[in-house]
Amino acid sequence: MKIIGTGSARPSMRVTNSMLENFLDTNDEWIVTRTGIHERRVISNENLEDMAADAANKALADAGITSDQVDFIICSNVVNEFVTPGLGCIIQGKIGATCPTVDINCACTGFLYALDIAESFLITKDMNNILIVCAEEPSRMMDWRDRSSCILFGDAAGAVVVTKGDDLKAIRLSTHCKVEALYQKRRLQPTPFLNKEEDDGGVIMNGQEVFKLAVSSSIKDIDTVLSVAGMTADDIDLYVLHQANVRIIEAIRHFVKQDKEKFPVNLDKYGNTSSASIPALLDDLSRGNMLKRGEMLLLSAFGAGFTTGAAVLRWSK
Ligand code: COA
């Protein structure tokens with residue numbers, strides 16, 4: 001496969017660290033030093049469905065194709081206002097496509113899982129263009145009284161169009177069941193037969209455990225994809241990592257012993273936008289003319305599950 005178009009959309013509301021000080025026992029200095037985040041975008045009056053369709057339409061326009069040329073839509077999403085139908089179905093209608101769609105919930109690693117599914121479908125099925133849309137509103141999952149988690153996240157949508165090509169040099173996905181490190185449960189509708197208590201509330205996260213899991217799994221994945229691709233860390237031009245915490249990115253950077261310039265960061269402005277993080281960053285880089293044809297990118301992400309994934313991808317757009 002190869003990427004031929006990118007797009008992104010973000011809510012208009014900017015929530016700075018100092019705005020959080022109004023209702024949380026926190027401060028800008030703590031958040032910046034521990035995470036690198038200065039502000040994030042949070043849904044106020046937008047709908048995630050519209051943001052997802054906006055990102056998708058921008059990716060289609062960038063690819064120079066129309067929605068009737070899309071053969072399959074893969075939507076990565078953890079939560080949105082619709083329990084059913086899947087967000088991919090709603091996006092399909094909004095952009096005027098007619099192809100089948102599937103939703104995946106692989107948390108922050110969703111984009112890597114979607115890339116691998118797209119690659120497999122391009123090889124095994126009679127398809128040309130696959131649209132991947134990662135649309136997330138983690139702000140609606142947080143307990144906004146929990147200062148250790150709500151400060152980290154922001155909402156966004158990121159999309160790419162992929163077609164047949166030879167740019168994916170290696171990809172590795174993994175899942176190690178570790179529910180207690182990062183999860184959210186919700187209370188479902190009662191029934192006349194229900195005889196148990198159900199949890200309801202915001203995301204529960206063991207920040208330090210997630211930090212360690214993120215760094216250790218990401219460096220393992222990076223090692224693997226580099227060796228599958230027959231490359232060394234020096235051969236990679238840009239490390240496009242999941243934007244969760246600048247300290248996690250720094251720890252990974254020290255492991256691969258590469259310059260800071262190879263690690264683009266936008267989490268200072270947007271926080272952790274779950275699976276939208278990597279495609280939206282790719283879109284920012286592409287539209288900012290910061291990606292050159294032929295460059296080798298290494299993508300790596302991790303998230304609730306614990307899911308992880310990494311890929312080596314040539315940029316040929
Ligand atoms: N403002 C001020 N103080 C805060 C705070 C906040 N927003 N959040 C937590 N603290 C306090 C804690 O209560 C604790 O106080 P104590 O020492 O009096 O008990 C202290 O800061 C240190 O907390 P700790 O949890 O040890 O901080 P940390 O250095 O581990 O940083 C995270 C916390 C969440 C920033 C960090 O663990 C992290 O980024 N983990 C990864 C999370 C992640 O990326 N999740 C998504 C994965 S996809």
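For ligands, and for the atoms within them, numbers begin at 1 and follow the listed sequence.
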Distance filter under 4.0 Å to Phe302 heavy atoms, resulting ligand 1 atoms: 48 (S)

Is a side-chain N or O of Lys164 found less than 3.5 angstrom from the main chain of Met127, in a donor-acceptor match? yes

Pairs of nitrogen or oxygen atoms closer than 3.5 Å, one from His242 and one from ligand 1: do any exist? no

How are the rings of Tyr239 and Phe263 set to each other: parallel, tilted or perpendicular (split at 30° and 60°)? parallel

Ser217 versus Thr308, side-chain donor and acceptor atoms under 3.5 Å: no

Measuring to protein heavy atoms, does anything land under 4.0 Å from atom 44 (O) of ligand 1? yes

Residue, atom and distance of the protein heavy atom nearest atom 39 (O) of ligand 1 read Asn245 ND2, 2.7 Å

Answer yes if a protein heavy atom lies under 4.0 Å from atom 32 (C) of ligand 1, otherwise answer no. no

Atoms in ligand 1 with a heavy atom of Ala244 nearer than 4.0 Å: 44 (O)

Protein heavy atom at shortest distance from atom 47 (C) of ligand 1: Val210 CG1, 3.6 Å

Do the side-chain N and O atoms of Thr66 and Asp68 include a donor-acceptor pair separated by under 3.5 angstrom? yes

If we ignore hydrogens and angles and just use 3.5 Å, is the side chain of Asp28 paired with the main-chain N or O of Asn17 as donor and acceptor? no

Would you say Thr224's side chain and Lys220's backbone share a donor-acceptor pair under 3.5 angstrom? yes

For atom 16 (P) of ligand 1, is there a protein heavy atom at a distance under 4.0 Å? no

Among Gly207, Ser148, Ser275, Ala107, whose heavy atom sits nearest atom 41 (C) of ligand 1? Gly207

closest protein heavy atom to atom 8 (N) of ligand 1 is Trp30 CH2, 3.3 Å

Atom 19 (O) of ligand 1: any protein heavy atom closer than 4.0 Å: no

How close does the nearest protein non-hydrogen atom get to atom 30 (O) of ligand 1, and which residue and atom is it? Gln208 CG, 3.3 Å

protein heavy-atom neighbour closest to atom 35 (C) of ligand 1 works out as Thr35 CG2, 3.8 Å

Test applied, salt bridge (charged side-chain N to carboxylate O under 4.0 Å, His left out); reference residue, Arg314; option that passes from Asp167, Asp235, Asp237: Asp167

Name the option, out of Met205, Arg147, Arg34, that contains the heavy atom nearest to atom 22 (C) of ligand 1. Arg34

Which residue holds the protein heavy atom closest to atom 46 (C) of ligand 1, what is that atom called, and what is the gap in Å? Asn272 ND2, 3.5 Å

Look at Lys125 together with Asp71 and state whether they make a salt bridge at an N to O cut-off of under 4.0 Å. no

Any idea which of Asp146, Thr26, Asn27 brings a heavy atom closest to atom 6 (C) of ligand 1? Thr26

Under 3.5 Å donor-acceptor, Arg40 side chain and Val15 backbone: yes

Heavy-atom nearest neighbour in the protein, as seen from atom 48 (S) of ligand 1, with distance rounded to 0.1 Å: Cys108 SG, 3.2 Å

Main-chain N/O of Met141 paired to Gln184 side chain as donor or acceptor, under 3.5 Å: yes

Side chains of Asp155 and Ser139: any donor to acceptor distance under 3.5 Å? yes

